[in-house]
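What follows is a set of notes on a single structure, which appears directly below.
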Amino acid sequence: MSDQDIPSPSDLKKMTAQADAARAEEELSRLHKKEDEERERREGFMAQGLRDDVRERVNRALKRAAESNLTRVKAMEFSATYLADGGRAVNNADPEWPKSLQGWAARGYEFFQKELAPKGYRLHAEISEFDKSGVPKTVIVEVVWS
């Protein structure tokens, strides 16, 4: 069919079906890419260790907070999906919420238990963001004192 020919309704239906198929393929490709990126982030979170300079970084953060007259500092922020229970324990302020920590967050908690808790610091965790359906999305963990 040339550009001068008026397409038949059948031709238009074929064109519409091809355009729909192309859009669906594009959307599927976008979803696969998003899933791959999320899987990579999750795997990185689970495998990540604490930095070698963690003590120095914690000391600087605590001192800066005190100089700013604060009594807490954000220690971690991560997806609630990285918790063993998807954020349920944190959302319900369950005192056993640290048991749901995995990966990098669990290693951070071990550091806290060893280095900060004996000095009187506490941890506070909360869901800072929920998705549209009310499911926990983002967790913030803070080191608290005073």
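Please read all numbers here as calculations on a predicted model, not as lab measurements.
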Fill in the blank from the handout: For Glu77 and Thr138, the nearest pair of non-hydrogen atoms, with its separation, is OE2-CG2, 3.5 Å
I'd like a table of donor-acceptor pairs (distance under 3.5 Å, sequence neighbours excluded) in which one partner is a side-chain atom from residues 54-63, with atom names and distances.
unit_1	atom_1	unit_2	atom_2	d
Arg55	NH2	Glu115	OE2	2.7
Asn59	ND2	Arg55	O	3.3

Exercise for the section: Name all pairs fulfilling the ring-ring contact (aromatic ring centres under 6.0 Å, His included) condition that reach into residues 61-92, sequence neighbours left out, sorted by first residue then second. Expected result: Phe45-Phe78, Phe45-Tyr82
Problem - Distance in Å, Ile127 CD1 paired with Arg88 CZ, rounded so as to fall on 0.5 Å steps - result: 11.0 Å
Problem - Minimum heavy-atom distance between Thr81 and Ser79, given as atom pair plus value - result: OG1-OG, 2.6 Å
Problem - NZ/NE/NH1/NH2 to OD/OE distance under 4.0 Å, Glu27 and Arg30 - result: yes
Practice task
Answer yes when Arg72 and Glu142 have at least one side-chain N-carboxylate O distance shorter than 4.0 Å, and no when they do not.
Solution key: yes
Handout entry: Ser8-Ser10 side chain donor-acceptor pair, cut-off 3.5 Å
Key = no
Practice task
Could you tell me whether the side chain of Ser68 and the main chain of Arg64 form a donor-acceptor pair under 3.5 Å?
Solution key: yes
Exercise for the section: Please check if the side chain of Arg107 supplies one atom and the backbone of Gln102 the other of a donor-acceptor pair under 3.5 Å. Expected result: no
Exercise for the section: Would you check if Glu40 and Glu37 make a side-chain contact, meaning some heavy-atom pair closer than 4.5 Å? Expected result: no
Problem - Test item: Asp94 side-chain N/O and Glu96 main-chain N/O as donor-acceptor pair under 3.5 Å - result: yes
Handout entry: Shortest non-hydrogen contact between Tyr121 and Phe112, atoms and distance
Key = O-CZ, 3.4 Å
Practice task
Taking only Lys NZ, Arg NE, NH1 and NH2, and the carboxylate oxygens of Asp or Glu, determine whether Arg41 and Glu38 approach each other closer than 4.0 Å.
Solution key: yes
Completion exercise
In terms of heavy-atom contacts, Ala80 and Pro136 come closest through CB-O, 3.6 Å
Practice task
Return the minimal non-hydrogen interatomic distance between Thr71 and Ser146, and the atom names on each side.
Solution key: CG2-OG, 3.5 Å
Exercise for the section: Can you establish whether the number of heavy atoms outside Asp131 located under 6.0 Å from its atom CG is more than 12? Expected result: yes
Practice task
Can you see which heavy atom on Ala65 is nearest to which on Trp145, and at what distance?
Solution key: CB-CH2, 3.6 Å
Practice task
Indicate yes or no: does Arg39 engage Asp36 in a salt bridge with an N to O separation below 4.0 Å.
Solution key: yes
